[in-house]
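Let me give you the structure first, and then I'll get to my questions.
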There are 2 protein chains.
Amino acid sequence: MNTSPWNKQKVLEVLRDAGVNPTSQRVEIGYALFSSCAHLSAEEIMQRVNADYPVVSKATVYNTLGLFAEHALVREVIVEPGKVFYDPNVSAHYHFYYVDSGDLIDIPASSLEISNLPELPPDTEIERVDVVIRIRRRSTH
Amino acid sequence: MNTSPWNKQKVLEVLRDAGVNPTSQRVEIGYALFSSCAHLSAEEIMQRVNADYPVVSKATVYNTLGLFAEHALVREVIVEPGKVFYDPNVSAHYHFYYVDSGDLIDIPASSLEISNLPELPPDTEIERVDVVIRIRRRSTH
DNA sequence: ATATGTGCAAAGGTTTTGCAGGCTG
DNA sequence: CAGCCTGCAAAACCTTTGCACATAT
C-alpha cells in the first residue's frame with residue numbers, strides 16, 4: 001500500500017475539482033508541491049519536477065504556480081524582495097520567518113489573535129491578511 | 001522661513017547620527033525619501049533624485065536604501081514579488097495594501113492589536129512583525 | 001476550420017556583485 | 001602609500017510576455 005496521502009491520480013482530481021485543466025506539467029508541479037510538507041520556492045519546485053530529466057520549463061513553473069494561487073490551491077508567501085514561497089497550506093495561518101536561514105514556519109490561525117482591526121477604506125473588502133513574524137537567532141552578548 | 005521639516009543639512013545630521021557616512025549621494029537620496037510622506041519604490045526615489053540631471057545611479061539607490069534599512073532609517077515593505085516600498089516611518093505600524101492599484105496606506109500600531117502570540121522558537125528574538133492587510137475594491141454584483 | 005488553451009524561449013524588470021577610483025590615517 | 005570606503009557598470013537573478021503549437025468544437 002501507499003503510505004503517502006498524495007499520488008498523481010489524486011493531484012489530477014484535485015486540479016480538476018478546482019477548475020484547472022490537469023495537464024501533465026500541472027500534475028507534476030502539483031505533485032511536487034503537495035507531496036512536500038515544506039515551503040518551497042519556485043526554483044526548488046522546478047528542481048524537484050526536473051530531477052531526473054527535463055519535464056517543465058521555468059516559465060511554466062511560474063505560470064502554473066500563479067494559476068494554482070488564483071484557484072486557491074496554493075498560497076504565496078512573500079518574505080523578501082524576489083523571494084516567494086509557495087505554501088500548500090491554504091487555510092488561514094501566519095508565519096515565523098528566520099531572517100538568517102530563510103526558513104519559514106507555520107503559525108496556526110488559532111495561535112494568534114488580531115483585534116481592533118481598523119475600518120476598511122470605503123467599498124473595499126479584505127482579500128487576505130498576511131502576518132510574518134521576522135525572527136533571528138538571539139545574539140550572544 | 002522654511003515650512004518643511006526637512007532640508008539637506010538636517011538629512012546630513014540624521015545620517016551622521018545613525019552612523020552612516022553622509023556622502024552627497026546619500027544626502028540626496030535621504031532628502032528625497034524623508035521629505036516625501038509617501039511610500040516610494042526605488043525607481044520613484046531615483047526619478048526624484050535625478051529629476052533635473054543625473055546625480056546617482058540605480059545601483060547606488062538600491063545600495064543606499066539597503067544601508068538605510070540596516071541603520072533603521074527606513075523600513076522595507078514587501079508586498080509583491082519584486083515590489084518593495086521604502087517607508088520613512090520606522091515606528092511600529094502596519095499596512096493596508098490595495099491589490100488593484102498598488103497603493104499602500106499606514107495603519108497606526110494603536111489601531112490593531114495582536115495577542116496570543118505563540119512562543120518563539122528557542123534562542124530567537126523578534127526582529128519585526130509585518131502585517132499587510134490586502135484589500136480590493138468590492139466587486140459590484 | 002475556427003476558437004480556445006498551453007508551454008516555453010525570449011524579453012523585461014529588479015537587485016546584487018565586482019571592481020576602479022577616491023579618501024584617510 | 002596601504003587599507004578601507006564608495007559609487008556604478010555590468011552581471012545575475014526572478015518573473016512576465018508573446019507567440020507557436022496543440023486541443024477541442
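Every chain is numbered from 1, with letters handed out A, B, ... down the list of sequences.
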Donor-acceptor contact below 3.5 Å, side chain B:Arg26 vs main chain B:Thr64:
no

A:Arg75 side chain to A:His93 backbone, donor-acceptor under 3.5 Å:
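Side chain of A:Arg75 to backbone of A:His93: a pair is present.
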
Gap between atoms CG and P, on B:Leu65 and C:dT15 respectively (whole Å)
10 Å

Heavy-atom closest pair, residues B:His71 and B:Gly19
CE1-O, 3.8 Å

Please tell me whether B:Ile105 and B:Ile135 are part of a single hydrophobic cluster in this structure, the criterion being side-chain heavy atoms less than 4.5 Å apart.
yes

Can you figure out which of C:dA9, C:dT14, C:dT6 approaches the side chain of B:Lys58 most closely?
C:dT14

Using the heavy-atom set of chain B and a strict 4.0 Å cut-off, write down the first and last nucleotide of DNA chain D that makes it in, 5' to 3'.
D:dT6 to D:dT15

Using whole Å, report how far CG of A:Asn21 lies from C1' of C:dG5.
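Going from CG in A:Asn21 over to C1' in C:dG5 covers 8 Å.
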
Testing the basics here: between B:Ile29 and B:Val61, what is the closest heavy-atom pair and its distance to 0.1 Å?
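Result for this residue pair: CD1-CA, 3.9 Å.
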
Using a 3.5 Å distance criterion without hydrogens, assess whether the side chain of A:Asn50 forms a donor-acceptor pair with backbone atoms of A:Val55.
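Here the side-chain-to-backbone pair exists.
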
Contacts to DNA chain D from residues 69-89 of chain A, heavy-atom cutoff under 4.0 Å, which residues?
A:Gly82, A:Val84

Is the backbone of A:Lys10 close enough, under 3.5 Å, to the side chain of A:Glu13 for a donor and an acceptor to pair up by distance?
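No, A:Glu13 side chain to A:Lys10 backbone: no donor-acceptor pair under 3.5 Å.
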
Assigning hydrophobic clusters by single linkage (Ile, Leu, Val, Met, Phe, Trp, Tyr; side-chain heavy-atom cutoff under 4.5 Å), is A:Met46 placed with A:Phe85?
no

Set out, line by line, the N/O atom pairs under 3.5 Å between protein and nucleotides 19-25 of chain C.
none

Kindly give the heavy-atom pair with the smallest separation between B:Val90 and B:Ala72, and that separation in Å.
CG1-O, 3.6 Å

Looking at residues 42-56 of chain B, who's got a heavy atom less than 4.0 Å off DNA chain D?
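B:Val55, B:Val56, in order of number.
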
Would you call B:Glu125 and A:Arg138 a salt bridge, using N to O less than 4.0 angstrom?
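Here B:Glu125 does not pair with A:Arg138 in a salt bridge, since their nearest N and O are not under 4.0 Å apart.
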
Ring pair (Phe, Tyr, Trp, His ring centres under 6.0 Å) partners of residues 17-62 of chain A, not counting sequence neighbours, each pair once
A:Trp6-A:Phe34, A:His39-A:His95

Are A:Ile114 and B:Leu120 connected, step by step, through hydrophobic side chains (Ile, Leu, Val, Met, Phe, Trp, Tyr) whose heavy atoms are closer than 4.5 Å?
yes

DNA chain C-proximal residues of residues 23-31 of chain A, any heavy atom under 4.0 Å:
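Nucleic-acid contacts, sorted: A:Thr23, A:Gln25, A:Arg26.
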
Kindly give the heavy-atom pair with the smallest separation between A:Pro22 and A:Leu12, and that separation in Å.
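Looks like CB-CG, 3.8 Å.
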
If we ignore angles and hydrogens, is there a donor and acceptor under 3.5 Å between the side chains of A:Tyr97 and A:Glu80?
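There is such a pair (donor and acceptor under 3.5 Å, judged by atom type) between the side chains of A:Tyr97 and A:Glu80.
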
Please determine if a side-chain N or O atom of A:Thr60 lies less than 4.0 Å away from the OP1 or OP2 oxygen of C:dG7.
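Answer no for this pair, as no side-chain N or O of A:Thr60 is under 4.0 Å from OP1 or OP2.
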
If you find the nucleotide of DNA chain D closest to A:Asn63 and the one closest to B:Thr64, which residue's nucleotide is nearer the 5' end?
B:Thr64

Shortest non-hydrogen contact from B:Pro88 to B:Ser36?
CG-O, 3.8 Å

